[in-house]
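Input: a single structure, listed below in C-alpha cells.
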Amino acid sequence: MKVVIVGGVAGGATAAARIRRLEESAQIVVFERSGYVSYANCGLPYYIGGVIADEEELTLQTPESFWSRFRIDVRVRHEVTAIHPQSKTVTVQNLESGETFEESYDKLILSPGAKPTRPKLEGVELERVFTLRTVEDTLRIRRFVLEHKPKSAVLAGGGFISLEVAENLVEMGVAVTIVQRPKHLLSPLDPDMANFVHRQMRSHGVNLRLGSTVSGFTKQGNEILTLLEGEEPLHSDMVLLAIGVTPDTHLAREAGLELGIKGSIVVNDRMETSAADIYAVGDAVEVKHAVTGQKALISLAGPANKQGRIVADNICGGDSRYLGSQGSSVIKLFDTTVATTGINETAAKLAGIDCDKVVLSPNSHASYYPGAKTMTMKVVFEKGTLKLLGAQIVGSEGVDKRIDVLATAIHAGLSADALKDLDLAYAPPYSSAKDPVNMAGFMIENLQKGIVKQFHYDQVASLPRDGSVTLLDARTPGEYRRGHVEGFVNLPVDDLRERMGEIAPGKPVYVMCQSGLRSYIACRILAQNGFDCYNFSGGYGFYRMTVLEQQAAQSAYPCGMERTEK
C-alpha cells in the first residue's frame with residue numbers, strides 16, 4: 001500500500017507516523033511545500049518575542065528524523081499542484097529545482113491547512129506588512145524585529161495569533177495597536193467576558209481600536225500607514241495581518257471534491273472526502289460542532305492531530321470515527337489566562353437555543369492559603385434540559401484545570417447540575433473543598449429548583465428607579481462608598497434581618513453584592529420572608545468590568561488611545 005500525504009504539521013505528520021506504527025510495510029510519502037514538515041505551529045509567536053530562543057526548538061521532526069525512525073519519505077519544498085482522482089496520481093513540483101513529476105498513490109491524505117486571510121486591499125503586499133503561518137514567516141518577522149528594532153506595530157485582527165504576537169512585541173518594548181471591525185477581541189468569548197481581555201491588554205499599554213475597519217496600507221518613508229474607514233490613519237513601523245484564516249483548498253476544488261462552508265473540504269466521520277481513497281484532515285476540513293451538531297470550521301491543533309490518527313486507523317483497516325469538534329482553547333495574555341470550551345451565549349442564541357448562564361468569581365484555591373487569585377467563570381446551559389453548552393474562564397492559575405473539567409463534562413454529556421457531583425481533587429494550594437466547577441453546578445441546581453432567581457448586567461439599566469421595585473446593595477458601607485450602581489441602596493447582608501422593616505412589602509427586590517454570594521444569601525433571607533427576590537449574576541465586580549469597560553471602549557482620545565478606567 002502506498003500512501004501519499006499532502007502537507008505535514010499537525011494532521012499530516014500525525015497520520016504518517018500512525019500509519020507506520022500500524023503498517024510496517026506501507027510506503028509513505030509526504031510532500032510539504034514549506035521547508036519544515038513538523039513544527040510547533042502554536043509556538044511561532046513566542047519565537048518572535050524571544051521566549052523560545054532556539055529556532056530548532058520549533059521543529060518537532062525533520063525529514064531525516066522521519067526517515068531514520070519511521071522510514072517515511074518526507075520531501076520538503078515540494079508542492080503538490082494537482083490531484084487526479086481518476087488515475088490516482090498527483091502532480092508535484094520540486095520548488096528547489098523546478099522539476100515537475102507525477103506521483104501515484106493507493107490512498108491520499110490532504111492536510112493543506114488554512115492560510116492567513118489576505119483581503120484585497122491596497123498595500124497588503126508591502127514589505128513591512130506581514131502574515132504568520134509558517135516557520136519561514138516567523139523567521140522573517142523575527143529577523144525584521146531584530147534588525148530594524150521597530151518602535152510601533154499595528155496588528156489587524158483580534159484573534160489568538162494577533163494577541164499572542166501583541167504580548168510578545170510589547171515585552172520587547174514595541175508600542176502595539178490592535179485594530180479590527182468587531183467590537184470585542186477573541187470571538188469565542190461573549191462581549192461581557194471579552195471585557196476582561198480588553199482591560200488586560202490596555203493595562204499593558206496595548207491600544208485597542210475596536211469597531212474600526214482597515215481599508216488599506218501605504219508606505220511613507222520607513223513607516224506603514226494603516227488606512228481606516230472614516231478615521232485618521234495609524235502610523236507604525238510594521239503591520240501584521242491576523243484577521244483570520246481561510247481553508248487552503250484550491251487543490252480539492254480543482255480535483256472536483258465536494259466543498260462546504262467557506263470552501264472547506266467536506267468529509268464524513270471517517271474523514272473520507274467525496275472521492276474514493278482520498279481523506280482530508282485539519283484546518284481545511286468542515287467538521288460537525290460537537291455541541292450544536294452544526295457544520296463548523298475549527299482551526300485548532302488538537303482536532304487536527306485526532307483526525308490524523310483517525311485517518312491512519314481507517315487506511316490500515318480500522319473503523320475510527322471523528323465525533324466532532326468542541327473548540328476547547330486556552331491562551332496566555334501576560335499574567336492572565338483565558339480559556340473556552342463549547343459555544344458561548346451569543347452562539348447559542350444564534351443557533352436558536354433557549355439558554356441561560358451562571359457567572360461566578362471564585363478563588364483559584366482556598367482563600368486562606370497564600371496566593372489565591374480570583375477567576376471569572378461563565379457557564380452556559382440549555383434551559384429545561386440543562387444540557388451543558390459551553391464555558392468561558394478568565395483568571396490566572398487554575399483556569400486551564402477548570403476548563404478541561406468542563407470540556408470533559410460537555411463531551412461526556414453530563415447535565416449542568418451534575419457538575420455539583422464531580423469528585424475533584426482538593427488541597428488548599430490547588431483548590432477549595434467546593435471546587436469552582438462544583439460551585440457552578442450548585443448555582444445551576446438552585447436556578448433549576450427555583451431556590452433563586454437572577455438578573456444580569458444588561459438588565460440593570462432598564463430596572464425602574466421610580467420606587468416600583470427595591471434595589472439593594474448587600475455589601476459593606478465601605479465597599480458601597482468605593483463604587484456602586486446608581487439607584488441601589490446600601491443594606492449590608494449581615495444587617496438585613498434586623499432592618500427588614502425598611503424594605504417595602506409587595507415589591508420585587510433586586511439585590512447586588514461584590515461577587516454574587518452575599519446577594520444570594522440576602523435573597524434566601526428575603527424569599528423566606530415573602531419577598532419576590534432576584535440575585536445579580538456575577539456581582540458588582542463583574543458589572544463594573546462589563547459596563548465601565550464598554551464605556552471606556554467608546555471613549556477615545558484624538559490620537560486613538562482609548563481611555564483606561566482606573
Side-chain angles (χ1 to χ4, degrees), residues 6-12 32-36 39-49 58 79 95 110-145 150 153-169 176-182 185-188 212-217 224 226-227 234 236 238-253 259 261-265 281-286 296-301 303-304 329 331:
V6 182
V9 195
E32 168 59 46
R33 65 183 163 199
S34 77
Y36 300 83
Y39 55 87
N41 208 320
C42 299
L44 299 184
Y46 299 100
Y47 179 74
I48 292 173
L58 295 173
E79 181 175 9
L95 298 179
L110 302 180
S111 178
K115 55 188 176 182
T117 302
R118 295 183 71 93
K120 295 179 179 179
L121 299 175
E122 175 190 355
V124 293
E125 302 298 334
L126 288 171
E127 183 180 359
R128 294 187 175 216
V129 177
F130 300 92
T131 57
L132 179 57
R133 180 191 187 189
T134 65
V135 174
E136 287 90 345
D137 295 334
T138 308
L139 299 179
R140 192 177 306 115
I141 297 172
R142 174 68 175 169
R143 187 163 53 247
F144 174 85
V145 170
V154 168
L155 310 185
F160 292 100
I161 293 296
S162 180
L163 268 59
E164 288 172 342
V165 171
E167 176 188 356
N168 280 275
L169 289 177
V176 174
T177 296
I178 296 177
V179 55
Q180 69 165 18
R181 184 180 302 167
L185 302 174
L186 291 180
S187 60
S212 296
T213 301
V214 175
S215 59
F217 307 94
I224 296 293
T226 300
L227 308 178
L234 301 172
S236 66
M238 63 178 292
V239 168
L240 176 71
L241 283 176
I243 58 176
V245 294
T246 303
D248 192 356
T249 56
H250 68 281
L251 286 175
R253 180 185 303 107
L259 301 182
I261 55 176
K262 296 184 179 180
S264 57
I265 302 171
V281 299
D283 296 352
V285 304
E286 175 185 280
L297 285 175
I298 297 180
S299 300
L300 294 169
S329 64
I331 182 173

Q: Please examine the side chains of Met238 and Val145, heavy atoms only from C-beta on, and report whether any two atoms are closer than 4.5 Å.
A: yes

Q: Test side-chain contact (heavy atoms from CB on, under 4.5 Å) on Val214 and Gln180 and set out the steps.
A: CA-CA 7 Å; Val214 175; Gln180 69 165 18; over 6 Å; no

Q: Could you give me the CA-CA distance, side-chain angles and deciding distance for Phe217 and Leu227, then say whether side-chain contact (heavy atoms from CB on, under 4.5 Å) is met?
A: CA-CA 6 Å; Phe217 307 94; Leu227 308 178; 6.0 Å; no

Q: Test Ser236 against every option in Leu240, Val239, Leu234 by the side-chain contact (heavy atoms from CB on, under 4.5 Å) rule and name the one that passes.
A: Val239

Q) Below 4.5 Å, heavy atoms only, C-beta onward: do Pro112 and Leu251 meet side chain to side chain? A) no

Q: State which residues pass salt bridge (Lys or Arg N to Asp or Glu O under 4.0 Å) with Arg253; sequence neighbours excluded, sorted by chain then number.
A: none

Q | Result of checking Thr226, Leu169, Leu241 against Leu155 for side-chain contact (heavy atoms from CB on, under 4.5 Å) | A | Leu169

Q.
Between Lys262 and Glu286, does any side-chain N to carboxylate O distance fall below 4.0 Å?
A. no

Q.
When you measure from the side chain of Thr249 to the backbone of Gly263, do you find a donor-acceptor pair of N or O atoms at a distance under 3.5 Å?
A. yes

Q.
Here's a test for you: under side-chain contact (heavy atoms from CB on, under 4.5 Å), which of Val285, Val9, Val281 qualifies with Ser111?
A. Val281

Q) Do Ser264 and Leu259 have side-chain heavy atoms sitting under 4.5 Å apart? A) no

Q: Measure the CG-CG distance between Leu163 and Asn168 for me, rounded to the nearest 0.5 Å.
A: 11.0 Å

Q) Out of curiosity, Arg140 CZ to Phe130 CZ, how far, rounded to the nearest 0.5 Å? A) 8.0 Å

Q) Does the side-chain contact (heavy atoms from CB on, under 4.5 Å) test come out yes or no for Ile48 and Leu44, once each step is laid out? A) CA-CA 7 Å; Ile48 292 173; Leu44 299 184; 5.9 Å; no

Q: Look only at the side chain of Arg128 and the backbone of Ile224, and say whether a donor-acceptor pair between them is shorter than 3.5 Å.
A: no

Q.
Is the shortest side-chain heavy-atom distance between Asp248 and His250 below 4.5 Å?
A. yes

Q. Can you name the closest pair of heavy atoms from Ala156 and Ile243 and give their distance?
A. O-CG2, 3.1 Å

Q: Supply the atom-to-atom distance Ile298 CD1 to Ser329 OG, rounded to the nearest 0.5 angstrom.
A: 10.0 Å

Q. To the nearest 0.5 Å, what is the distance between CZ (Phe160) and OG (Ser299)?
A. 10.5 Å

Q.
Taking Asp283 first and then Lys115, would you say they form a salt bridge - that is, a charged N and a carboxylate O separated by under 4.0 Å?
A. no

(Q) For a quick test of reading the model, state the closest non-hydrogen atom pair linking Leu132 to Pro116 and the distance between them. (A) O-CG, 4.0 Å

(Q) Once rounded to the nearest 0.5 Å, what's the spacing between atom OG of Ser162 and atom CG of Leu185? (A) 7.5 Å

Q. Is there a side-chain contact (heavy atoms from CB on, under 4.5 Å) between Glu32 and Glu79 once you walk through the steps?
A. CA-CA 6 Å; Glu32 168 59 46; Glu79 181 175 9; over 6 Å; no

Q) Ala10 and Ala301: which non-hydrogen atoms are nearest, and at how many Å? A) CB-O, 4.4 Å

Q. What are the two closest heavy atoms between Ile178 and Gly158, and how far apart are they?
A. CG2-CA, 4.3 Å

(Q) Is it true that, when you exclude Arg142 itself, more than 12 heavy atoms of the residues, nucleotides or ligands shown sit nearer than 6.0 Å to its CZ? (A) yes

Q) Does the side chain of Ser212 come within less than 4.5 Å of Arg181's, by heavy atoms? A) no

